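Nothing here was measured: the structure is a model prediction, and the numbers come from that model.
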Amino acid sequence: MERTFIKDLKDHIGEHVTVQGWMQVLRDQKSMQFLVVRDRTGAVQVAHWKKGNPELAEKISAIGTESALTLSGTVVENEVVKLGGIEIQLESVTVENNAELPLPFEPFAETLPDQDFRMDWRYLDLRRDRNRLIFEIQTTLEQAMRNWWIEHNYIEMHSPKIIGTPSEGGAEVFSMPYFETTAYLAQSPQFYKQMAMSAGYEKVFEIGPVFRSDPSFTSRHMTEFTGVDMEISWVESHEDVMKELETWLTAAYQGVADKHTAQIQETFGVELKVPSLPFPRITMAEAYDVLKKLGYKLPPERKGDLDPGAERALGAYIKQEFGHDFVFVTDWPATVRAFYHMRLADKPHLTRSFDLLGRGLEITTGAQREHRYEVLKAQALEKGLSLEPLQDYLNFFKYGCPPHGGMGLGLNRLLMVMLDLPNIREAVYLFRGPNRLNP
RNA sequence: GGGGGCGUGGUGUAGCGGUUCAACAUGCGGCCCUGUCAAGGCCGAGAUCGCGGGUUCAAAUCCCGUCGCUCCCGCCA
């Protein structure tokens with residue numbers, strides 16, 4: 001038995017074929033039966049005259065919506081058929097199940113079941129073309145990212161996710177028993193990609209899971225998500241990191257655009273635009289001026305930081321002024337940044353760091369790192385961190401670590417921005433949040 | 001952790017003190033229909049309106065508590 005994909009049926013007119021897929025609709029009439037069968041490549045109408053084979057007719061009548069089936073028949077052209085002008089005249093069918101669906105499966109429905117309910121039945125929700133397309137796009141996106149890295153001599157790393165010391169110091173770490181001691185789930189590959197700089201790998205990337213124990217109930221947070229990290233050596237400033245990042249991200253967009261532009265327009269109503277280079281850049285000080293001009297009021301306790309509303313306002317401003325979806329906000333105050341961010345030489349209260357906003361959503365944080373052992377130690381102490389648990393990390397910089405920098409990007413957030421998805425739960429295969437561990 | 005919103009048949013909604021208030025759509029089951037196509041027509045099953053308490057002659061409807069979901073803020077990617 002050789003399977004034919006539905007998109008290829010037009011090349012098999014008059015031939016006997018076998019098709020495998022799901023039964024989307026059954027129209028069971030007095031003398032005829034019509035099925036719409038869908039596989040990953042499309043949908044086709046299948047017709048059967050009851051009189052010819054009453055036994056088969058009875059079998060067809062019993063097929064439940066969304067049953068998986070293998071069918072064979074002859075492909076015929078028929079311009080009356082609205083679905084592609086062809087149909088299969090059915091000869092036999094094998095049905096894998098007939099159970100009633102717990103949720104409606106309506107490809108054209110305007111209202112979907114509640115988000116939480118759909119997550120309970122995620123494996124059925126994922127069958128919808130729109131959802132499958134998201135993960136086809138994700139696959140293309142990751143491949144384009146990877147192609148670029150490989151062309152530019154990056155080394156891929158897989159750092160451990162079970163770690164002995166919280167990697168960025170906060171309370172937002174998951175801990176777990178680990179034999180006679182306690183282990184933590186990595187909040188980021190931050191320390192390990194910097195270790196690769198000390199190891200002399202010069203340019204590394206990693207795509208891997210990231211765990212955050214934040215009790216965040218928003219449309220853009222998860223307790224486990226896919227992090228995309230890069231780190232490069234011999235940079236002179238965070239500007240070098242931003243240049244690398246924007247070039248790479250543009251290539252990733254190009255990869256998706258080459259393959260999916262039409263589908264994205266059709267399914268998400270979004271015109272996928274490959275961002276132009278360079279991305280707009282704005283210092284935090286300038287951002288404050290813009291926000292003041294826009295009349296956006298930041299609470300005084302923010303102290304040089306932004307809040308989500310300010311980020312959205314900035315994103316809209318950049319879109320209006322520069323026609324760009326992305327903006328780098330640079331030179332963040334040291335008070336709101338991690339201790340390992342390098343400071344500006346002439347303004348030590350500011351860091352050589354940046355966030356990348358996509359359509360007003362924070363998708364990336366990056367910086368040049370402080371690679372000088374003594375300075376790094378001093379900055380850790382200044383933040384009130386104790387050096388002892390950090391010692392393994394600090395040691396990376398003792399024996400000839402080049403100046404370096406890098407960034408971390410949320411893959412799911414990037415998909416949200418790219419496809420204009422309203423909720424990160426749509427941009428992940430299975431959502432994990434404070435109240436969601438199953439399925 | 002703080003704040004707002006929502007919880008009505010399988011699913012999505014309407015009703016928001018009494019009077020067709022338990023409805024509509026869809027799905028499901030049955031019957032009808034010579035080719036349908038998001039098919040159509042008729043009939044039917046299916047909800048003590050999240051749960052507990054209170055107010056009232058009367059509660060899906062008002063109040064309190066509780067649980068669940070959701071969004072925003074905090075935190076971040």
*Asks:* What is the distance from CH2 of A:W121 to P of B:U11, rounded to the nearest Å?
*Replies:* 10 Å
*Asks:* For A:N412, answer base if it contacts any base atom (sugar-phosphate contacts may also be present), sugar-phosphate if it contacts only those atoms, and nothing otherwise; contact means non-hydrogen atoms under 4.0 Å.
*Replies:* nothing
*Asks:* Mind checking what makes side chain to side chain contact (heavy atoms under 4.5 Å, CB included) contact with A:E239, not counting sequence neighbours?
*Replies:* A:S237, A:M242, A:K243, A:R281
*Asks:* Would you sketch RNA chain B in dot-bracket for me? Only Watson-Crick or G-U wobble pairs with both distances under 3.5 Å count, crossing pairs as [ ], other-strand pairs as |, the rest as dots.
*Replies:* ((((((((.[[[[.)..(....]]]].(((((.......))))).....[[[[[..)....]]]]])))))))....
*Asks:* Would you please say whether a donor-acceptor pair under 3.5 Å links the side chains of A:R212 and A:Q187?
*Replies:*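 No, because no side-chain N or O of A:R212 sits under 3.5 Å from a partner of the opposite role on A:Q187.
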*Asks:* Which of the following nucleotides, B:U36, B:C72, B:G74, is nearest to the side chain of A:P215?
*Replies:*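 Within the option list, the nearest is B:G74.
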*Asks:* With no angle test and no hydrogens, is the base of B:C33 tied to the side chain of A:R27 by a donor-acceptor pair under 3.5 Å?
*Replies:* no
*Asks:* Considering only B:C37, B:C72, B:C75, which nucleotide approaches the side chain of A:R312 most closely?
*Replies:*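 Given the options B:C37, B:C72, B:C75, the side chain of A:R312 is closest to B:C72.
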*Asks:* From the set B:C37, B:A77, B:U70, return the single nucleotide nearest to any side-chain atom of A:Q115.
*Replies:* B:U70
*Asks:* Under 4.0 Å: is that the gap between some side-chain N or O of A:R425 and OP1 or OP2 of B:C71?
*Replies:* yes
*Asks:* Whether the side chain of A:Q29 and the base of B:G35 hold a donor-acceptor pair under 3.5 Å is what I'd like checked.
*Replies:*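 No pair found.
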*Asks:* Would you mind classifying the nucleic acid contact of A:L103 as base, sugar-phosphate or nothing, using non-hydrogen atoms under 4.0 angstrom?
*Replies:*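 Counting heavy atoms under 4.0 Å across all strands, no contact is made by A:L103.
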*Asks:* Using a heavy-atom cut-off of 4.0 Å across all strands, would you classify A:M416 as base, sugar-phosphate, or nothing?
*Replies:* nothing
*Asks:* Is A:N423 close enough to B:C71 that one of its side-chain N or O atoms is under 4.0 Å from OP1 or OP2 there?
*Replies:*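 It does, given that an N or O in the side chain of A:N423 lies less than 4.0 Å from OP1 or OP2 of B:C71.
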*Asks:* Please lay out, stage by stage, how A:L185 and A:V173 fare under the test side-chain contact (heavy atoms from CB on, under 4.5 Å).
*Replies:* CA-CA 7 Å; A:L185 290 175; A:V173 206; 5.7 Å; no
*Asks:* Is the phosphate of B:C33, meaning OP1 or OP2, less than 4.0 Å from a side-chain N or O of A:K30?
*Replies:*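 So the side-chain polar atoms of A:K30 do come within 4.0 Å of the phosphate oxygens OP1 or OP2 of B:C33, strictly under.
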*Asks:* Could you check how far CG of A:L112 sits from C1' of B:U13, rounded to whole Å?
*Replies:*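 Value for this atom pair: 14 Å.
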*Asks:* Ignoring the backbone of A:T218, work out which of B:U11, B:C72, B:C76 is nearest its side chain.
*Replies:*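 Among the listed nucleotides, the one closest to the side chain of A:T218 is B:C72.
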*Asks:* Check every atom of B:C28, B:C76, B:C71 against the side chain of A:S219 and return the nucleotide holding the closest atom.
*Replies:*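 Ranking B:C28, B:C76, B:C71 by closest atom to the A:S219 side chain puts B:C71 first.
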*Asks:* Give a yes/no on whether any side-chain N or O of A:T65 is located under 4.0 angstrom from OP1 or OP2 of B:G27.
*Replies:*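 So the side chain of A:T65 is outside the cut-off, no N or O lying under 4.0 Å from OP1 or OP2 of B:G27.
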*Asks:* The side chain of A:T364 lies closest to which of these nucleotides: B:G35, B:A77, B:U11?
*Replies:* B:A77
*Asks:* Among A:M342, A:E231, A:H238, A:M197, which residue meets the side chain to side chain contact (heavy atoms under 4.5 Å, CB included) test with A:R369?
*Replies:* A:E231
*Asks:* Which nucleotide, B:C69, B:C28, B:U36, lies nearest any side-chain atom of A:D116?
*Replies:* B:C69
*Asks:* Round to a whole Å and report the spacing from CH2 of A:W49 to P of B:U36.
*Replies:* 12 Å
*Asks:* If you look at every strand shown and take non-hydrogen atoms under 4.0 Å, does A:Q33 touch a base, only sugar-phosphate, or nothing?
*Replies:* nothing
*Asks:* With rounding to whole Å, what would you report as the distance between B:A58 and B:G46 at their P atoms?
*Replies:*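 My reading of the P atoms in B:A58 and B:G46 gives 30 Å.
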*Asks:* Could you give the distance separating B:A39 and B:C32 at their C1' atoms, to the nearest angstrom?
*Replies:*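 B:C32 and B:A39 have their C1' atoms separated by 14 Å.
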*Asks:* Which nucleotide, B:G35, B:G10, B:C75, lies nearest any side-chain atom of A:P104?
*Replies:* B:G10
*Asks:* Report the distance from atom CG of A:L306 to atom P of B:G74, rounded to the nearest whole Å.
*Replies:* 11 Å
*Asks:* With no hydrogens and no angle check, is any side-chain donor or acceptor of A:Y201 less than 3.5 Å from a backbone partner on A:I155?
*Replies:* no
*Asks:* Taking the side chain as every heavy atom from C-beta outward, state whether A:H221 and A:R413 have any pair of such atoms under 4.5 Å apart.
*Replies:* yes
*Asks:* Using a 4.0 Å heavy-atom cut-off across all strands, classify A:D229 as base, sugar-phosphate, or nothing.
*Replies:* nothing
*Asks:* The side chain of A:P308 lies closest to which of these nucleotides: B:C73, B:G10, B:A77?
*Replies:*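 Closest nucleotide to the A:P308 side chain: B:C73.
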*Asks:* Please state the P separation for the pair B:U19 and B:A59 - nearest whole angstrom.
*Replies:*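 Each nucleotide's P atom is 12 Å from the other's.
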*Asks:* Please tell me if A:S216 has a side-chain N or O lying less than 4.0 Å from either OP1 or OP2 of B:C75.
*Replies:* no
*Asks:* Using the side-chain heavy atoms of A:I424, tell me which of these nucleotides is nearest: B:A77, B:U11, B:C71.
*Replies:* B:A77
*Asks:* A quick test of your reading: do over 12 heavy atoms of other residues, nucleotides or ligands sit less than 6.0 Å from CD of A:E266?
*Replies:*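 Counting other residues, nucleotides and ligands, CD of A:E266 stays at 12 neighbours or fewer.
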*Asks:* Taking the nucleotide of RNA chain B with the closest heavy atom to each, which residue, A:Q45 or A:S61, is nearer the 5' end?
*Replies:* A:S61
*Asks:* Quiz question: by atom type and distance under 3.5 Å, do the side chains of A:T140 and A:H260 form a donor-acceptor pair?
*Replies:* yes
*Asks:* Between A:F174 and A:F211, is the gap from one ring center to the other below 6.0 Å?
*Replies:*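 Centroid separation for A:F174 and A:F211: 6.0 Å or greater.
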*Asks:* Are A:D229 and A:Y192 close enough that a side-chain donor and a side-chain acceptor fall under 3.5 Å?
*Replies:* no
*Asks:* Using the P atom in both, what is the distance from B:G15 to B:G9, to the nearest Å?
*Replies:* 16 Å
*Asks:* Could you give the CD-to-C1' distance, from A:E311 to B:C75, as a whole number of Å?
*Replies:* 12 Å
*Asks:* So that I know where these two stand, are A:Y253 and A:F326 an aromatic pair - ring centroids less than 6.0 Å apart?
*Replies:*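 For A:Y253 and A:F326, the ring centres are under 6.0 Å apart.
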*Asks:* Taking atom P in both B:G12 and B:C33, compute the distance separating them and give it to the nearest angstrom.
*Replies:* 36 Å
*Asks:* According to a strict under-4.0 Å criterion, is A:R220 in side-chain N/O contact with OP1 or OP2 of B:U70?
*Replies:* no
*Asks:* Stacking here means centres under 5.5 Å and planes under 30°; does A:F34 stack on B:G35?
*Replies:* no
*Asks:* Kindly indicate whether the side chain of A:P209, heavy atoms from C-beta on, has any atom under 4.5 Å from the side chain of A:K161.
*Replies:* yes
*Asks:* Write down the distance separating the C1' atoms in B:A14 and B:A47, rounded off to the nearest Å.
*Replies:*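 Between the two C1' atoms, the distance is 14 Å.
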*Asks:* If I pick the P atom on B:U13 and the same atom on B:C76, what distance separates them, to the nearest angstrom?
*Replies:* 35 Å
*Asks:* Just to be sure I understand the rule, does A:N435 reach a base, reach only the sugar-phosphate, or reach nothing, if contact means heavy atoms closer than 4.0 Å?
*Replies:* sugar-phosphate
*Asks:* Calculate the interatomic distance between A:D114 atom CG and B:G5 atom P; express it in whole Å.
*Replies:*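 Whole-Å distance recorded here is 18 Å.
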*Asks:* With a non-hydrogen cut-off below 4.0 angstrom, is A:V81 in contact with a base, only sugar-phosphate, or nothing?
*Replies:*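 Base contact - A:V81 has a heavy atom under 4.0 Å of at least one base atom.
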*Asks:* Scan A:F217 against the nucleic acid and name what it touches under 4.0 Å (heavy atoms): base, sugar-phosphate only, or nothing.
*Replies:* base
*Asks:* Suppose you measure atom C1' in B:G17 against the same atom in B:U55; what distance do you get, rounded to whole Å?
*Replies:*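 So the two C1' atoms sit 12 Å from each other.
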*Asks:* With a non-hydrogen cut-off below 4.0 angstrom, is A:R436 in contact with a base, only sugar-phosphate, or nothing?
*Replies:* nothing
*Asks:* In whole angstrom, give the distance that lies between atom NZ of A:K297 and atom P of B:C73.
*Replies:*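 Result: 18 Å.
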